[in-house]
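What you are looking at is a predicted structure, and each value in this text was computed from that prediction instead of being measured. Per chain, numbering begins at 1; letters A, B, ... match sequence-line order.
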Amino acid sequence: MALEAAERPSEETLLLWEREQARLKTRVVPRDTEAWQRDPAFPGLRRVGGVDVSFVPGDSSRACASLVVLSYPELQVVYEDSHMVRLKAPYVSGFLAFREVPFLVELVQRLQEKEPGLMPQVLLVDGNGVLHQRDLPCVGVAKKLLQVDGLENNSLHKEKIVLLQSGGDTFPLMGNSGTVLGMALKSHDHSTKPLYVSVGHRISLEVAVRLTHHCCRFRIPEPIRQADIRSREYIRRTLGNPGSPAQGQERHQKEQRPKACPKGGSGAPAGPGRPPEDCGRDSSTDLKDPQPGFQEQQKDQQSEGTGPHKDSDLWPPPAARVQSPP
DNA sequence: GCGACAG
DNA sequence: ATCTTGTCGC
């Protein structure tokens with residue numbers, strides 16, 4: 001019993017994927033389309049979403065997908081949905097979205113059905129943007145530089161990183177063609193490794209960078225960081241009771257159900273001068289949590305990929321299935 | 001054979 | 001992404 005999502009896709013499939021990416025790229029709107037994006041203070045922005053997929057250690061096909069919605073500018077979790085999924089496509093550099101996006105789309109659809117009022121106004125996705133074709137504006141936030149189109153994590157690149165002085169500082173990621181593919185962003189004053197921000201859809205690169213910066217309490221923006229933390233916790237809990245039935249979550253815990261949490265510092269409002277802590281529980285549960293003022297050593301947190309925001313899974317390779325435009 | 005490669 | 005122990009600093 002092991003649906004291997006590990007074998008390399010055939011060249012034919014990769015061609016299909018490339019074709020789909022090119023098609024979606026055509027539809028991306030790399031400009032600001034929302035009112036709140038026009039003012040530096042982001043007036044009207046109330047909810048920012050974050051998505052992530054964490055994997056089960058030994059199993060190459062099982063993972064936990066999470067979607068969280070945070071209030072803005074408080075950055076408090078107001079919604080969370082984490083559940084186990086079965087991966088169908090392998091990870092191939094450059095095609096991350098074909099592996100993870102189907103689940104992210106599903107999470108958004110579940111939210112639409114259960115708590116449409118909590119639909120985020122923008123979605124931060126781990127990985128690089130440039131695609132994403134749906135309705136939600138989104139941003140790609142990667143922790144490592146995707147070395148494509150001439151981009152290289154070479155000495156020159158590292159020199160530029162050293163020149164970043166304070167949180168918010170950036171430098172453009174110029175592709176061979178002279179196109180700016182994204183921006184390296186120092187997410188806070190003491191962060192050593194920059195974030196690589198790129199446009200997803202319906203947002204300009206400039207606003208994407210500012211928004212990402214405003215969502216950072218630590219190196220990784222809170223929406224993505226929370227989705228990461230929660231999806232991993234979910235897996236830890238699930239693996240904690242393997243002594244029972246099937247591998248997993250047959251238990252009627254609080255899983256399958258999206259949960260709207262009216263948390264929000266109830267009782268302990270944001271203290272003066274301090275960013276509001278999470279939903280009451282946070283620092284004690286969070287493993288990696290270097291204070292903005294120091295320690296930036298956490299290897300990596302997570303980020304996944306902004307990519308094709310397609311509907312159908314192009315895996316396994318359906319004989320050239322035709323995509324129907326949203 | 002080995003390394004690189006968003007996650 | 002995940003496997004890994006300790007370690008330094010708030």
Side-chain angles (χ1 to χ4, degrees), chain A residues 4-6 8-9 14 17 21 50-66 84-85 87-104 124-132 138-154 157 173 175 181-185 188-200 212 217-218 220-221 224-225 227-229 231-236 238-239 274-275 277 282-284 286-309:
Chain A
E4 336 245 323
R8 242 240 162 197
L14 290 178
W17 285 2
Q21 290 180 320
V51 288
D52 182 45
V53 176
S54 289
F55 304 81
V56 174
D59 198 321
S60 66
S61 70
R62 301 184 70 227
C64 176
S66 293
M84 297 302 296
V85 298
L87 298 170
K88 296 174 181 176
Y91 168 69
V92 180
S93 181
F95 301 93
L96 177 65
F98 292 92
R99 175 173 168 81
E100 306 188 347
V101 162
F103 306 110
L104 307 188
L124 299 190
V125 182
D126 18 349
N128 297 279
V130 182
L131 298 185
H132 263 265
C138 51
V139 177
V141 181
K143 298 182 300 302
K144 294 178 182 176
L145 178 65
L146 176 58
Q147 308 190 125
V148 296
D149 193 30
L151 295 182
E152 267 187 289
N153 183 20
N154 52 28
H157 180 75
L173 300 173
L181 303 177
M183 298 282 267
L185 165 71
H188 70 247
D189 291 350
H190 300 275
S191 184
T192 297
K193 298 180 59 178
L195 289 181
Y196 296 98
V197 180
S198 56
V199 168
T212 299
R217 297 211 309 182
F218 305 109
I220 304 300
I224 290 178
R225 179 167 167 273
D228 173 45
I229 290 173
S231 58
R232 298 161 88 115
E233 278 183 350
Y234 187 92
I235 288 179
R236 282 190 66 178
T238 295
L239 266 48
R274 285 293 163 210
E277 275 306 298
D282 190 35
S283 36
S284 58
D286 288 5
L287 295 182
K288 34 191 173 185
D289 227 88
Q291 291 300 309
F294 224 71
Q295 198 88 7
E296 159 63 42
Q297 66 159 47
Q298 32 185 341
K299 293 192 169 191
D300 288 302
Q301 297 192 356
Q302 87 340 201
S303 276
E304 136 210 348
T306 297
H309 210 316

Taking atom C1' in both C:dT2 and B:dC5, what distance in whole Å separates the two? 16 Å
Any A:Phe55 side-chain heavy atom under 4.5 Å of A:Ile235 side chain: no
Side-chain atoms of A:Arg232 come closest, of B:dA6, C:dA1, C:dC3, to C:dA1
Distance check needed: B:dA6 C1' versus A:Gln147 CD, whole Å only. 10 Å
How close or far is atom P of C:dC3 from atom CG of A:Asp59, stated in whole angstroms? 13 Å
Using whole Å, what does the distance between atom C1' of nucleotide B:dA6 and atom CD of A:Glu100 come to? 9 Å
In whole Å, I'd like the distance from the CD1 atom of A:Ile220 to the P atom of B:dG7. 9 Å
Is A:Val139 close to A:Pro221 at the side-chain level, that is, under 4.5 Å between some pair of heavy atoms? no
Spatial distance of atom OH (A:Tyr196) from atom CG (A:Leu151) [nearest 0.5 Å]: 9.5 Å
For A:Tyr196, report the nucleic acid contact type (base, sugar-phosphate, nothing); a contact means any heavy atom under 4.0 Å. nothing
When we call it a touch if two heavy atoms are under 4.0 Å apart, what does A:Gly94 touch: a base, just sugar-phosphate, or nothing? base
Quick one: is A:Arg99 getting a side-chain N or O under 4.0 Å of the B:dA6 phosphate, OP1 or OP2? no
To the nearest Å, give me how far apart CG (A:Asn154) and P (B:dC5) are. 11 Å
For A:Gln21 and A:Gly94, indicate whether the former's side chain and the latter's backbone hold a donor-acceptor pair under 3.5 Å. yes
Please verify the inter-ring angle class for A:Phe98 with A:Trp17; under 30° counts as parallel, over 60° as perpendicular, anything in between as tilted. parallel
Looking at B:dA6, I'd like to know if its phosphate oxygens (OP1 or OP2) sit under 4.0 Å from a side-chain N or O belonging to A:Lys143. no
Does B:dG7 have A:Tyr91 stacked on its base, where the ring centres are within less than 5.5 Å and the planes differ by under 30°? yes
Separation of A:His157 atom NE2 from B:dC5 atom C1', in whole Å? 15 Å
Interatomic distance where CG belongs to A:Asp189 and P belongs to C:dG9 [whole Å]: 20 Å
Measure from CG on A:Asn128 to P on B:dC5 and round the result to the nearest Å. 13 Å
